[in-house]
Every structure is written in structure tokens, then in C-alpha cells.
Visitor: 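Just dropping this structure here.
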Amino acid sequence: MGLFAKDPEKEIERLRRACDERDEKYIDKCLKRGKESLIQTVRVLGEEQMDSYMPRLIELLSSGDADKRKAAAYALGEMRYSSAVTFLTKRLEEEEDPAVIDEIRKGIAKYRG
């Protein structure tokens with residue numbers, strides 16, 4: 001059973017509203033609820049282009065957890081900002097996990113169109 005198994009649409013809408021309030025500590029709250037919650041939140045932040053969260057997403061690019069790095073790369077790619085691409089490019093030079101590398105490359109490609 002996934003994170004949003006009961007009512008996925010309702011949960012994602014709730015998540016979007018919470019993120020939209022620009023609660024800078026929202027990512028930290030999601031971290032406490034677990035990795036799956038964090039990954040879903042980070043994806044919404046990217047899709048909604050909530051750039052106030054960019055510093056925290058950039059921090060997650062250096063996480064010890066490959067899933068968190070992958071989610072952060074996805075979110076930054078969705079934002080399509082040149083500054084996000086700068087951080088993705090830098091991370092690409094250091095990254096060793098093939099799945100994260102793939103997500104970083106996709107994020108850079110989204111910006112370049």
C-alpha cells in the first residue's frame with residue numbers, strides 16, 4: 001500500500017496547499033513522517049515550481065540517500081531555472097548512483113528543451 005492509497009487525489013491536493021503556504025519547514029516535517037512522504041512532497045514542489053524551497057532541494061542533492069537525491073534532482077529539473085541546472089550539473093560530476101545520474105540528466109534536458 002502506497003503513501004496515498006486511501007484517497008490519492010485528496011492527499012496530493014492537501015500537500016499542494018501545504019506547500020503553497022510557503023512553510024519553509026514543511027520539508028523537515030515531511031522528513032519526520034518518512035522518506036516516501038518526503039519524496040512525494042519534493043516532486044510536488046518541483047511540479048508547482050515553488051522556488052522558495054530551492055535552497056532546501058539543493059541540500060537534498062547531497063543527501064546520503066539516493067532516493068532523496070533522485071527526488072531533489074527531479075524537482076529541480078521541473079523548476080527549469082538556470083540556477084537549478086547549475087546545481088544539477090555540479091552534482092552530476094560527483095554522483096555515482098546510476099538512477100540519480102539519469103534523473104539529473106533528465107532535469108538538465110528539461111531546461112535545455
Visitor: Side chains of Ile104 and Val100, heavy atoms from C-beta outward: is any pair under 4.5 Å?
Guide: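 Touching, per the 4.5 Å side-chain cut-off.
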
Visitor: Pairs in or reaching into residues 101-113: which pass side-chain hydrogen bond (donor to acceptor under 3.5 Å, both in side chains), with residues at least two apart or in two chains?
Guide: Glu78-Lys110, Asp102-Lys106

Visitor: Show every side-chain hydrogen bond (donor to acceptor under 3.5 Å, both in side chains) that has at least one partner inside residues 79-90, sequence neighbours left out.
Guide: Lys90-Glu94

Visitor: Same cluster or not: Met54 versus Val85, using hydrophobic residues (I, L, V, M, F, W, Y) connected whenever any side-chain heavy atoms lie under 4.5 Å apart?
Guide: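 Linked within one cluster.
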
Visitor: Quick one: OG1 on Thr41 to CD on Glu36, what's the gap to the nearest 0.5 Å?
Guide: 10.5 Å

Visitor: Could you list the residues that satisfy side-chain hydrogen bond (donor to acceptor under 3.5 Å, both in side chains) with Asp97, not counting sequence neighbours?
Guide: none

Visitor: Would you be so kind as to tabulate the donor-acceptor pairs closer than 3.5 Å made by side chains of residues 57-66, with sequence neighbours excluded?
Guide:
{"from": "Glu59", "atom 1": "OE1", "to": "Arg56", "atom 2": "NH1", "distance (Å)": "3.0"}
{"from": "Ser63", "atom 1": "OG", "to": "Asp65", "atom 2": "N", "distance (Å)": "3.0"}
{"from": "Asp65", "atom 1": "OD1", "to": "Asp67", "atom 2": "N", "distance (Å)": "2.7"}
{"from": "Asp65", "atom 1": "OD1", "to": "Lys68", "atom 2": "N", "distance (Å)": "3.2"}
{"from": "Asp65", "atom 1": "OD2", "to": "Lys35", "atom 2": "NZ", "distance (Å)": "3.3"}

Visitor: Treating Ile, Leu, Val, Met, Phe, Trp and Tyr as nodes and any side-chain heavy-atom pair under 4.5 angstrom as an edge, say whether Ile39 and Val44 lie in one connected cluster.
Guide: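 No, Ile39 and Val44 fall in different hydrophobic clusters.
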
Visitor: In chain order, what residues pass the salt bridge (charged side-chain N to carboxylate O under 4.0 Å, His left out) check against Glu95, with sequence neighbours excluded?
Guide: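 Glu95 satisfies salt bridge (charged side-chain N to carboxylate O under 4.0 Å, His left out) with Arg69, Arg91 only.
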
Visitor: Heavy-atom count around Phe87 CZ within 6.0 Å, excluding the residue itself: above 12?
Guide: no

